[in-house]
There are 2 protein chains.
Amino acid sequence: MDGESEHIDGRKARGNKRRAEIIDATLAIVTRDGAAGVTHRTVAKQAGITTSLSTYYFATLDDLLVAALSSVADTYTTRIRQIIDGPGDKLRGLAELIAESAGPGRERALAERELSTLAARRPALAPVARRWRENVAELAATLTDDPEAIAALVAASDGLCTAILIDNAPADTDYVRRILTRAIHAHRDAVVS
Amino acid sequence: MDGESEHIDGRKARGNKRRAEIIDATLAIVTRDGAAGVTHRTVAKQAGITTSLSTYYFATLDDLLVAALSSVADTYTTRIRQIIDGPGDKLRGLAELIAESAGPGRERALAERELSTLAARRPALAPVARRWRENVAELAATLTDDPEAIAALVAASDGLCTAILIDNAPADTDYVRRILTRAIHAHRDAVVS
DNA sequence: GTACAACTAGGACTATCGTTCAAATACATG
DNA sequence: CATGTATTTGAACGATAGTCCTAGTTGTAC
């Protein structure tokens with residue numbers, strides 16, 4: 001709550017490596033057992049360290065969850081920014097990113113969703129959880145000026161991820177791209193009715 | 001797993017009232033503290049009963065969570081079916097339902113999302129969690145034959161709920177309806193590019 | 001080397017968890 | 001009333017949780 005919370009985050013150089021290890025272990029746990037499985041003990045065992053060492057770097061479990069969610073969000077932010085700044089078909093890039101949730105990226109996407117849901121309860125997680133949506137919105141903003149089209153694309157992206165994760169929906173890139181396109185490019189005539 | 005699991009579910013008439021009370025208490029807990037806050041003890045205290053009575057009706061915590069999620073899903077199923085069978089503008093009805101997530105229905109929608117996310121881990125919850133999407137798809141099927149349009153509407157509905165719950169996005173009914181319309185009614189020309 | 005801060009280990013304290021159990025109570029049926 | 005079943009209680013067991021504490025180790029600046 002107060003300024004004292006930094007005295008743990010800002011250790012020295014060597015400690016940051018440990019921090020990263022602990023965060024990775026946390027994500028492995030979220031991946032395998034869900035956010036509910038994250039405890040100082042399980043994380044420590046996963047990381048091959050003692051329990052107290054985990055509390056040394058993350059005084060409370062919340063600190064640890066915030067750090068883990070931030071790490072996942074950073075990964076997605078980087079990926080989307082590559083798509084935005086890249087030369088190719090941005091919608092297709094986004095579609096590929098989404099479609100990954102069905103394959104190798106499933107566990108990571110699941111972890112992200114789990115932590116995002118957690119964010120609805122813990123204010124500290126909220127701003128981090130919002131980043132994914134903001135990034136997609138930014139990508140959409142390069143394709144259209146219509147704010148509703150942007151909102152539609154963000155909603156479609158999120159809904160498609162859910163469909164893939166929860167519903168095991170088909171995750172063909174072209175298919176995903178067509179649905180994304182549908183959201184962002186709608187004729188005015190069609191919208192009226 | 002075996003047939004023995006029914007010997008608790010199918011008590012007598014009086015017991016079903018208790019069951020309903022316990023489920024309501026569970027939803028109240030999920031609403032207030034999230035799914036992680038659901039324990040036999042917290043539920044029992046919320047319901048004003050003893051802990052062992054909660055285990056009497058729901059032998060395991062999973063049983064209780066399944067029952068709670070089923071209860072929420074039933075509510076939504078009923079609402080959507082009213083919209084489908086009703087006379088009015090179905091898309092508007094859906095938009096109203098979604099927009100409710102910002103107001104009085106927020107807690108309930110949050111509970112549903114929380115339990116749905118849980119479903120990704122617990123197979124017992126998965127079929128129940130799928131119902132909401134199937135219902136929306138059924139509604140969409142009354143408006144179009146295009147399977148991609150149906151998928152797009154389901155994705156948009158889900159994404160809009162998320163936006164409202166996590167992002168505190170605007171929840172104006174007309175606004176929501178316009179975005180839904182955009183998903184289901186897209187011109188072929190627009191889709192191409 | 002000495003001193004000081006960063007880091008690590010191991011254990012302990014208290015709390016709460018899921019679940020079980022034997023005993024009590026309520027209720028219906030005879 | 002008697003009897004059996006459904007319901008309810010209160011307590012308990014073993015397991016695990018978050019967090020804290022003390023002592024030991026490592027690394028670095030002087």
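Numbered from 1 within each chain, the chains take letters A, B, ... in sequence-line order.
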Nearest-Å distance, CD1 (A:Ile22) to C1' (C:dA9)?
-> 14 Å

Answer yes or no: does a side-chain N or O of A:Thr39 lie under 4.0 Å from OP1 or OP2 of D:dA17?
-> yes

Please state how far atom CZ in A:Arg19 lies from atom P in C:dT8, giving the value in whole angstrom units.
-> 13 Å

Using a strict cut-off of less than 4.0 Å between a Lys/Arg side-chain nitrogen and an Asp/Glu carboxylate oxygen, indicate whether A:Glu21 and A:Arg18 qualify as a salt bridge.
-> yes

Give the rounded distance in Å between these two atoms: OH of B:Tyr57 and P of D:dA6.
-> 11 Å

Could you state the atom-to-atom distance from CG of B:Asn16 to P of D:dA6 in whole Å?
-> 13 Å

Starting from the 5' end of DNA chain D, give me the residue, A:Gly37 or A:Ser52, whose nearest nucleotide shows up first.
-> A:Gly37

Is the base of D:dG10 touched by the side chain of B:Thr50 through a donor-acceptor pair closer than 3.5 angstrom?
-> no

Establish, with yes or no, whether the OP1 or OP2 oxygen of D:dA6 is under 4.0 angstrom from a side-chain nitrogen or oxygen of B:Arg18.
-> no

Distance, rounded to the nearest Å, where A:Lys17 contributes NZ and C:dT8 contributes C1' = 14 Å

Using whole Å, report how far NE2 of A:His40 lies from C1' of C:dG10.
-> 16 Å

Would you indicate what B:Thr51 reaches in the nucleic acid, counting non-hydrogen atoms under 4.0 angstrom: base, sugar-phosphate, or nothing?
-> base

Can you find a side chain N or O atom of B:Arg41 that sits less than 4.0 Å from OP1 or OP2 on C:dT19?
-> no

Please give, in whole Å, the distance from D:dA17 P to A:Ile29 CD1?
-> 10 Å

Salt bridge check: are A:Arg92 and A:Glu96 linked by an N-O gap of less than 4.0 Å?
-> yes

Salt bridge present between A:Arg177 and A:Asp172 (N-O < 4.0 angstrom) = no

Atom-to-atom span, CG of B:Leu53 to P of C:dC21 - whole angstrom = 17 Å

Would you call B:Arg81 and B:Glu138 a salt bridge, using N to O less than 4.0 angstrom?
-> yes

Does A:Tyr56 put a side-chain nitrogen or oxygen below 4.0 Å from OP1 or OP2 of D:dC20?
-> no

Can you figure out which of D:dT8, C:dA9, C:dG18 approaches the side chain of B:Leu61 most closely?
-> C:dG18

So with a 6.0 Å cut-off around NZ of B:Lys45, is the heavy-atom count from everything else above 12?
-> no

